[in-house]
Structures are given as C-alpha cells and as structure tokens.
Amino acid sequence: QVQLDQSGGGLVQAGGSLRLSCAASGRTFSSYTMGWFRQAPGKEREFVAAISWSGGNTLFADSVKGRFTISRDNAKKTVYLQMNSLKPEDTAVYYCAADTVNRGFTMATFSAHYAYWGQGTQVTVSS
C-alpha cells in the first residue's frame, strides 16, 4: 500500500510561482514512477508531469513545458512540482500519483496507470 499526502498550493497571481509537495509512505518509494495530474472544473483529469524512479527522466505536458519542473527526494520519499510563470488556465485541483508498475524506460501519462493518488490540492491563479 502507498499513501500520498500532498501539501502546498493556494492562490497566486498570474506570473507567480507555487511549489507542491507529495510525501509518500511505503518502503519502495524509490522504485515508483511519480506523476502529477490536474483537473479543472468541468474538465477531465489531465497529465501534467512525471518523473522516473531515479529522477533521471522527466516528462511534461506541452502546456506546462518550460514553466513547471518535477523533482524527487527518495530519501525523504517526497516528490515536488515547482510551478513558475503561472497562468489563469493552470487553475485546477492538482493530484500526485504513484505508478508502481515497472514499465521499463517509459513513463505513464494515462491516469489509469497510476494506482495510488494523493488527496488533491487546489491551485488558483488570478489574472
């Protein structure tokens, strides 16, 4: 079992920055791909970013590429999403998620591939 506990988020003006954190329980955090997703009102949940178990590989949605970074600290069992140059369209509930399946060199971008989810945290960007 994996439990994910999110923190961070809040209200920020356009152009500002926020950092989300996601702390995991479980003995094998360092073997999981970790991802971030978001869901805006009336929209489907969408992929934002993913990071491989080692942190050596990352993947981003085109909409956030160049503005968001994802990182992890396996010693602290924590994954981070640093969000810079925020836009009003980034407003959503953000979720961290763990993919416990070994997919080789690929990282999942479909939410169905992630078995464990954080509780979600609201990010609101005002114009």
Side-chain angles (χ1 to χ4, degrees):
Q1 281 284 39
V2 179
Q3 288 187 313
L4 303 175
D5 185 24
Q6 297 180 222
S7 60
L11 173 64
V12 65
Q13 288 188 330
S17 298
L18 284 173
R19 188 176 83 157
L20 305 182
S21 299
C22 175
S25 66
R27 296 173 296 174
T28 56
F29 172 80
S30 59
S31 66
Y32 307 153
T33 290
M34 296 296 296
W36 287 95
F37 290 76
R38 66 187 182 186
Q39 188 166 18
K43 295 187 177 181
E44 293 187 353
R45 191 169 298 188
E46 65 174 0
F47 171 78
V48 174
I51 187 167
S52 63
W53 65 271
S54 67
N57 292 303
T58 57
L59 187 64
F60 296 93
D62 288 343
S63 59
V64 306
K65 203 172 292 184
R67 300 187 297 122
F68 290 13
T69 58
I70 186 172
S71 61
R72 67 190 295 163
D73 185 334
N74 285 341
K76 295 182 178 179
K77 297 183 181 179
T78 302
V79 63
Y80 306 95
L81 184 68
Q82 177 67 43
M83 305 181 291
N84 299 327
S85 302
L86 282 161
K87 304 175 181 180
E89 50 264 44
D90 294 318
T91 296
V93 177
Y94 283 71
Y95 298 89
C96 66
D99 179 7
T100 58
V101 175
N102 185 343
R103 303 184 192 277
F105 293 105
T106 63
M107 288 184 286
T109 60
F110 293 106
S111 60
H113 288 162
Y114 288 79
Y116 300 97
W117 292 83
Q119 76 274 25
T121 186
Q122 178 69 46
V123 171
T124 303
V125 185
S126 63
S127 57

Hey, mind stepping through Trp117 and Arg45 against side-chain contact (heavy atoms from CB on, under 4.5 Å) and telling me if it holds? CA-CA 12 Å; Trp117 292 83; Arg45 191 169 298 188; 3.3 Å; yes
At their closest point, which heavy atom of Ala50 faces which heavy atom of Thr33, and how far apart are they? CB-CG2, 4.4 Å
Is any NZ, NE, NH1 or NH2 atom of the basic residue among Asp62 and Lys65 found under 4.0 Å from an Asp or Glu carboxylate oxygen of the other? yes
Filter on salt bridge (Lys or Arg N to Asp or Glu O under 4.0 Å), then keep only pairs touching residues 68-81, sequence neighbours left out; what's left? none
Closest heavy-atom pair and its distance - Ser30, Trp53: O-CB, 3.1 Å
Considering only heavy atoms from C-beta outward, does the side chain of Asp99 approach that of Met107 to under 4.5 Å? no
Gln3 CD: over 12 foreign heavy atoms closer than 6.0 Å: no
Tyr114 vs Thr100, test: side-chain contact (heavy atoms from CB on, under 4.5 Å). Steps then yes/no. CA-CA 7 Å; Tyr114 288 79; Thr100 58; over 6 Å; no
Heavy-atom closest contact (Gly9 atom, Thr121 atom, distance): CA-OG1, 4.1 Å
Give a yes/no verdict on a cation-pi contact between Arg38 and Tyr95, requiring under 6.0 Å between NZ or CZ and the six-membered ring centre and an angle within 45° of the axis. no
Quick check: do Ser17 and Gln82 have side-chain heavy atoms less than 4.5 Å from each other? yes
Measuring from atom OG1 of Thr69 to atom CZ of Arg19, what distance do you get when rounded to the nearest 0.5 angstrom? 9.5 Å
In Å, rounded to the nearest 0.5 Å, how long is the span from CG of Asp5 to SG of Cys96? 8.5 Å
Return the OG to CD distance between Ser127 and Gln13, rounded to the nearest 0.5 Å. 9.5 Å
Who else is in the cluster with Val2 when I, L, V, M, F, W and Y are joined by side-chain contacts under 4.5 Å? Leu4, Val12, Leu18, Leu20, Phe29, Tyr32, Met34, Trp36, Val48, Ile51, Phe60, Val64, Phe68, Ile70, Val79, Leu81, Met83, Leu86, Tyr94, Tyr116, Val123, Val125
Which heavy-atom pair separates Ala40 from Ala92 by the least distance, and what is that distance? N-CB, 3.8 Å
What's the separation between atom OG in Ser52 and atom CZ in Arg103, rounded to the nearest 0.5 Å? 14.0 Å
